[in-house]
There are 2 protein chains.
Amino acid sequence: MTDANKVLQALGDATRRDMVERLTDTAMSVSALAAPYDMTLTAVAQHLAILEAAGLVKTEKNGRVRSCRLDTKGFDILDAWSKARRPLWQKRLDALGDVLDET
Amino acid sequence: MTDANKVLQALGDATRRDMVERLTDTAMSVSALAAPYDMTLTAVAQHLAILEAAGLVKTEKNGRVRSCRLDTKGFDILDAWSKARRPLWQKRLDALGDVLDET
DNA sequence: AAAATACACAAGTTTAAACTTGACTATTTA
DNA sequence: TAAATAGTCAAGTTTAAACTTGTGTATTTT
């Protein structure tokens, strides 16, 4: 499975999308992340693992609490995938821009 | 369901992602689109309907054949959603760029 | 040190989404 | 005009992903 496939698969689920949105500009513990959902902590932890494997979220454990924040990696992969689906002339224009930036 | 939710939900499925990738820079009939997959034409048509509802694909029927191509709409929605998940300072920089572009 | 908190893990269940079947319509080809 | 092609539709089945249960560990609080 490619990186982009992992990212898009991860974002295919409504709960995981909501988790990502709630983590925008805000770090939070697993329990805090789980609070609004009508499901067990285990289920939320499973969602989290998928987001982490996709590079959308990174976590760090301090003591007994695991802190979660967004990871830019997954979003970079997402942007690159989306860009590659653009019509040829747009990709050419974009490549031209990149060359100009370098000079 | 928001527009971004529809787009990400649609791209959550591996077959639909593959369909999108194969439609990059190439229009194609429903049967041509269905050819590589080990599933019925009906299943492919169902996937297609989801992609179309999300604004990722547009189709047009001429005679008995329906031609499918990518639609930029869905990708614009996807890009905007991804951009909104960036850290605050990146969004501020981006907003500054927009203002400078206008002047 | 006892109790509560925060999370982890393995194994089983449930359900929504993917997929099929069978019947049908419209269009093109032989 | 008969047959083949391209797709549509409603209704039923299947399966992978989401979710739960039960148990266990490390850490913090009282």
Side-chain angles (χ1 to χ4, degrees), chain A residues 1-23 26-71 74, chain B residues 1-23 26-71 74:
Chain A
M1 205 178 197
T2 73
D3 289 352
N5 275 11
K6 260 194 215 165
V7 169
L8 288 167
Q9 222 256 44
L11 293 173
D13 179 80
T15 302
R16 287 196 290 269
R17 274 196 303 277
D18 194 66
M19 287 168 70
V20 164
E21 289 180 4
R22 290 182 47 241
L23 286 173
T26 322
M28 160 176 355
S29 73
V30 176
S31 336
L33 198 57
Y37 309 118
D38 185 22
M39 65 179 74
T40 62
L41 190 68
T42 298
V44 171
Q46 283 165 357
H47 283 306
L48 193 58
I50 290 167
L51 289 172
E52 204 170 358
L56 288 160
V57 168
K58 55 185 167 187
T59 73
E60 185 187 9
K61 194 158 186 180
N62 295 92
R64 68 181 168 181
V65 35
R66 177 175 296 278
S67 184
C68 315
R69 60 177 61 259
L70 290 194
D71 188 351
Chain B
M1 205 177 194
T2 73
D3 289 351
N5 274 10
K6 260 193 214 164
V7 169
L8 288 167
Q9 222 255 41
L11 292 174
D13 179 80
T15 302
R16 287 196 291 269
R17 274 194 306 277
D18 195 65
M19 288 168 70
V20 165
E21 289 180 3
R22 291 181 48 239
L23 285 173
T26 322
M28 162 176 354
S29 73
V30 177
S31 335
L33 198 58
Y37 309 119
D38 183 22
M39 65 179 74
T40 61
L41 189 70
T42 299
V44 171
Q46 283 165 359
H47 282 306
L48 192 58
I50 289 168
L51 289 172
E52 202 169 0
L56 288 161
V57 168
K58 56 186 167 187
T59 73
E60 185 188 7
K61 195 160 187 180
N62 295 89
R64 66 180 169 181
V65 34
R66 177 174 296 278
S67 182
C68 315
R69 58 178 63 259
L70 290 193
D71 188 351

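We name chains A, B, ... by the order of the sequence lines, and we start the count at 1 in each one.
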Length of the [atom1]-[atom2] vector between [X] and [N], whole Å:
| X | N | atom1 | atom2 | answer |
| --- | --- | --- | --- | --- |
| A/Lys61 | C/dA6 | NZ | P | 12 Å |
| B/Ile50 | C/dA18 | CD1 | C1' | 9 Å |
| A/Gln9 | C/dA17 | CD | P | 14 Å |
| A/Arg17 | D/dA18 | CZ | P | 11 Å |
| A/Leu33 | C/dA6 | CG | P | 14 Å |
| A/Met19 | D/dA18 | CE | P | 12 Å |
| A/Arg66 | D/dT27 | CZ | P | 12 Å |
| B/Leu48 | C/dA18 | CG | C1' | 15 Å |

If you compare all heavy atoms of [X] against all heavy atoms of [Y], which two are closest, and at what distance to 0.1 Å?
| X | Y | value |
| --- | --- | --- |
| A/Thr59 | A/Cys68 | CG2-SG, 4.1 Å |
| A/Thr15 | A/Tyr37 | O-OH, 4.0 Å |
| A/Leu70 | A/Lys58 | O-CE, 3.8 Å |

Inset, instruction - Look up atom CG in B/Asp13 and atom CD1 in B/Ile50, then write down how far apart they are to the nearest 0.5 Å. - result: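 Taking CG in B/Asp13 and CD1 in B/Ile50, the distance rounds to 7.5 Å.
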Legend entry - B/Leu33 side, atom CG; B/His47 side, atom NE2 - distance, nearest 0.5 Å: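 One gets 10.5 Å once the value is rounded to the nearest 0.5 Å.
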Legend entry - Candidate list B/Val57, B/Leu48, B/Leu56, test side-chain contact (heavy atoms from CB on, under 4.5 Å), partner B/Met19, passing option: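 Result for side-chain contact (heavy atoms from CB on, under 4.5 Å) with B/Met19: B/Leu48.
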Legend entry - Shortest side-chain distance from A/Arg64, nucleotide among D/dT8, C/dA4, C/dT29: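 The listed nucleotide nearest to A/Arg64's side chain is C/dA4.
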I'd like a table of atom pairs between the protein and nucleotides 19-21 of chain C - only N or O on both sides, under 3.5 Å - with the distance next to each one.
| residue | atom | partner | partner atom | Å |
| --- | --- | --- | --- | --- |
| C/dC19 | OP2 | B/His47 | NE2 | 2.4 |
| C/dT20 | OP2 | B/Thr40 | N | 2.8 |
| C/dT20 | OP2 | B/Thr40 | OG1 | 3.0 |
| C/dT20 | O4 | B/Gln46 | NE2 | 3.1 |

Legend entry - Residue mapping more 5' on DNA chain D - nearest nucleotide basis, A/Asn62 or A/Gly12: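 Checking each residue's closest nucleotide, the 5'-ward one belongs to A/Gly12.
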